[in-house]
S.K.: 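My questions all concern the structure below.
Chain A is the first sequence line, chain B the second, and so forth, proteins listed ahead of strands; every chain is numbered from 1.
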2 protein chains.
Amino acid sequence: MPVKVKRKEHINSAARNLFRERGYSATSMRDIASTVGIEVASLYNHIDSKESMLQQICFTMAEKFLAIIPLVKHLQERPEEQLKEAIRLHVLVITSHADESAVFVHEWKHLSEPHLSAFKKMRNNYEGFYRDLIRRGEELGLFKNIHEKFVMMVLFSSINWLYDYYKPNGKLNPSQISDIITDIFLNGIKNN
Amino acid sequence: MPVKVKRKEHINSAARNLFRERGYSATSMRDIASTVGIEVASLYNHIDSKESMLQQICFTMAEKFLAIIPLVKHLQERPEEQLKEAIRLHVLVITSHADESAVFVHEWKHLSEPHLSAFKKMRNNYEGFYRDLIRRGEELGLFKNIHEKFVMMVLFSSINWLYDYYKPNGKLNPSQISDIITDIFLNGIKNN
DNA sequence: AAACAAAACTAACACTCGTTAGTTTAAAAA
DNA sequence: TTTTTAAACTAACGAGTGTTAGTTTTGTTT
């Protein structure tokens, strides 16, 4: 593997980490450079611009999340089981990409057009998948009859902070985390 | 009421709104000034500094949330009922201060010391109250036995996005919102 | 009408921002 | 060893940052 790729990855990793810790706007290229240990101008031998790094993070993560959809749809099971599996995979993506997930959740608004619109579209697609799942569950009488958008947002908000909680050597591993979340959430919306 | 207070409130309101919409770092004093319709320098006849506005928002909200604790403790009821009431009040604060809540949740990290530490302390106190409530519920066998911190964070994350969902003339009013959240959450963690 | 205070203004300071140009050093290929 | 390429450097640009100084306008109080 050429040195260039290593450096590039080092820069992107520093950017991920700083974007997460301080936010995109409060992170300067000089911050990134000094973290990596080179001069500011040298960054531009490896990356295109500050925003290109944000774009890369946001869209790479969006694709990772969207890739969950066909995997789950393919199961052809009941909404409850599909939701369980979706949550499991979602938690897996977050816990294995904590920095990127934090940036994905909080910093996308600093994207400029047309990337901002493209991002929102992808996110809407992803959220729509969960809304459909929840609506189908409600129609089958499995879930309580609550406005699906509301339930979907409760679900996402219950999941999307996990990048903050999860520590690779912490008490709970990703599988245990998604079991607990699934348990709380599905029992919470279950019709009985 | 003197004109000065009105202007001051106008400035703070614009700041709240822009801090929420674009984030603290991405909001310039010139943005605020042009929203209000005056020159940048004129802002300083009314406010001390950019950060002082952030401080005011964060600490005012922290106090509003902390004020919930004695109200709930005074009830002397079971953890379940206390939790219900706490959620009800918390939702009420959020829905009646949407902009400030968003800033409170996301922008506190841009506080400088010693305010940052003071803020974290207040937040820890508040979170500790909920953890205690949850632990007591677990000890009484009312709730599932899950690490309280985890449950507490699920609860907060389920609640703290509401500034985004709630619209004064939307489908659900604050009371309905807290009923649904309480229903989902308490059924989710209930031992049965 | 005169005096005072509040709040607006213009102008600027010292600094940071992302980024580019041009140059030198280090490494790889010939 | 020479040539080429990648990656570092120094220096700087133009724009934007929060904030202050000093001045003028506006509105209120005597």
Side-chain angles (χ1 to χ4, degrees), chain A residues 1-59 103 107-116, chain B residues 1-59 103 107-116:
Chain A
M1 190 181 294
V3 178
K4 183 174 184 180
V5 173
K6 260 192 174 168
R7 227 336 116 77
K8 193 172 184 175
E9 175 49 28
H10 191 183
I11 292 168
N12 280 318
S13 150
R16 279 200 290 274
N17 199 253
L18 289 167
F19 289 172
R20 176 200 181 160
E21 226 72 57
R22 313 183 183 175
Y24 175 77
S25 289
T27 301
S28 71
M29 294 301 278
R30 284 158 180 86
D31 291 335
I32 298 172
S34 81
T35 299
V36 175
I38 59 177
E39 292 298 316
V40 207
S42 306
L43 292 172
Y44 290 86
N45 284 319
H46 305 276
I47 57 106
D48 288 340
S49 66
K50 187 187 179 189
E51 205 196 304
S52 75
M53 293 191 286
L54 178 63
Q55 284 165 22
Q56 207 222 58
I57 298 169
C58 288
F59 285 96
V103 174
E107 307 300 328
W108 57 266
K109 63 177 155 198
H110 297 109
L111 291 169
S112 63
E113 294 292 0
H115 312 96
L116 182 60
Chain B
M1 194 181 293
V3 177
K4 182 174 186 180
V5 173
K6 259 192 174 167
R7 225 341 114 77
K8 193 171 184 176
E9 175 48 28
H10 190 183
I11 291 169
N12 280 318
S13 148
R16 280 199 290 273
N17 200 253
L18 288 167
F19 288 172
R20 176 199 180 160
E21 226 72 57
R22 313 183 182 176
Y24 176 76
S25 289
T27 300
S28 72
M29 293 302 280
R30 283 159 181 84
D31 290 336
I32 297 172
S34 82
T35 299
V36 175
I38 59 177
E39 292 298 316
V40 207
S42 305
L43 292 173
Y44 289 86
N45 284 319
H46 305 275
I47 56 108
D48 288 340
S49 66
K50 188 187 179 189
E51 204 195 304
S52 75
M53 292 192 285
L54 179 63
Q55 285 165 22
Q56 207 222 56
I57 298 169
C58 288
F59 285 97
V103 174
E107 308 299 328
W108 58 267
K109 63 178 156 197
H110 298 109
L111 292 169
S112 63
E113 294 292 359
H115 311 96
L116 181 60

S.K.: D:dA7 C1' sits how many Å from A:K8 NZ, rounded?
M.R.: 14 Å
S.K.: What nucleotide among C:dA8, D:dT19, D:dT10 has an atom nearest to a side-chain atom of A:E39?
M.R.: D:dT10
S.K.: Strictly distance-based, threshold 3.5 Å: is any side-chain N or O of A:N12 a donor or acceptor partner for the main-chain N or O of A:K8?
M.R.: yes
S.K.: Between B:H46 and C:dA6, does any side-chain N or O lie under 4.0 Å from OP1 or OP2?
M.R.: no
S.K.: Send over the distance from A:R22 CZ to C:dC17 P, rounded to a whole Å.
M.R.: 10 Å
S.K.: Rounded to whole Å, please give me the gap between NZ in A:K6 and P in D:dA7.
M.R.: 13 Å
S.K.: Does A:S28 have a side-chain nitrogen or oxygen under 4.0 Å from the phosphate oxygens OP1 or OP2 of C:dT16?
M.R.: no
S.K.: May I ask you to decide if B:S112's main-chain N or O and B:H115's side chain share a donor-acceptor pair within less than 3.5 Å?
M.R.: yes
S.K.: Once you round it to whole Å, what is the distance between P of D:dG18 and CG of B:L43?
M.R.: 10 Å
S.K.: Round to the nearest Å and state the distance from A:H10 atom NE2 to D:dA8 atom P.
M.R.: 11 Å
S.K.: State, with a plain yes or no, whether a side-chain heavy atom of A:R7 is found less than 4.5 Å away from one of A:V36.
M.R.: yes
S.K.: Given C:dA8, is OP1 or OP2 found less than 4.0 Å from the side-chain N or O atoms of B:R7?
M.R.: yes
S.K.: Over how many whole Å does the gap from B:I47 atom CD1 to C:dA8 atom P extend?
M.R.: 12 Å
S.K.: Which one, D:dG18, D:dT10, C:dA8, comes nearest to the side chain of B:M29?
M.R.: D:dG18
S.K.: Go through the N and O atoms of the side chain of B:N45 and the base of C:dA6, and report whether any donor-acceptor pair is under 3.5 Å.
M.R.: no
S.K.: Is the shortest side-chain heavy-atom distance between A:E21 and A:D31 below 4.5 Å?
M.R.: no
S.K.: Measuring to OP1 and OP2 of D:dA7, would you say a side-chain N or O of A:S42 lies under 4.0 angstrom away?
M.R.: no
S.K.: Quick one: B:I11 CD1 to C:dA8 P, roughly how many Å, whole number?
M.R.: 7 Å
S.K.: How about B:E51 and B:Y24: do any of their side-chain heavy atoms sit closer than 4.5 Å?
M.R.: yes
S.K.: Atom OH of B:Y24 to atom P of D:dT17: distance rounded to whole Å?
M.R.: 13 Å
S.K.: With a 4.0 Å cut-off on heavy atoms, is A:S52 in touch with a base, just the backbone sugar-phosphate, or nothing at all?
M.R.: nothing
S.K.: On a plain distance test, is the side chain of B:R30 in donor-acceptor contact with the base of D:dG16 below 3.5 Å?
M.R.: no
S.K.: Among C:dT20, C:dT10, C:dT19, which nucleotide sits nearest the side chain of A:A41?
M.R.: C:dT20
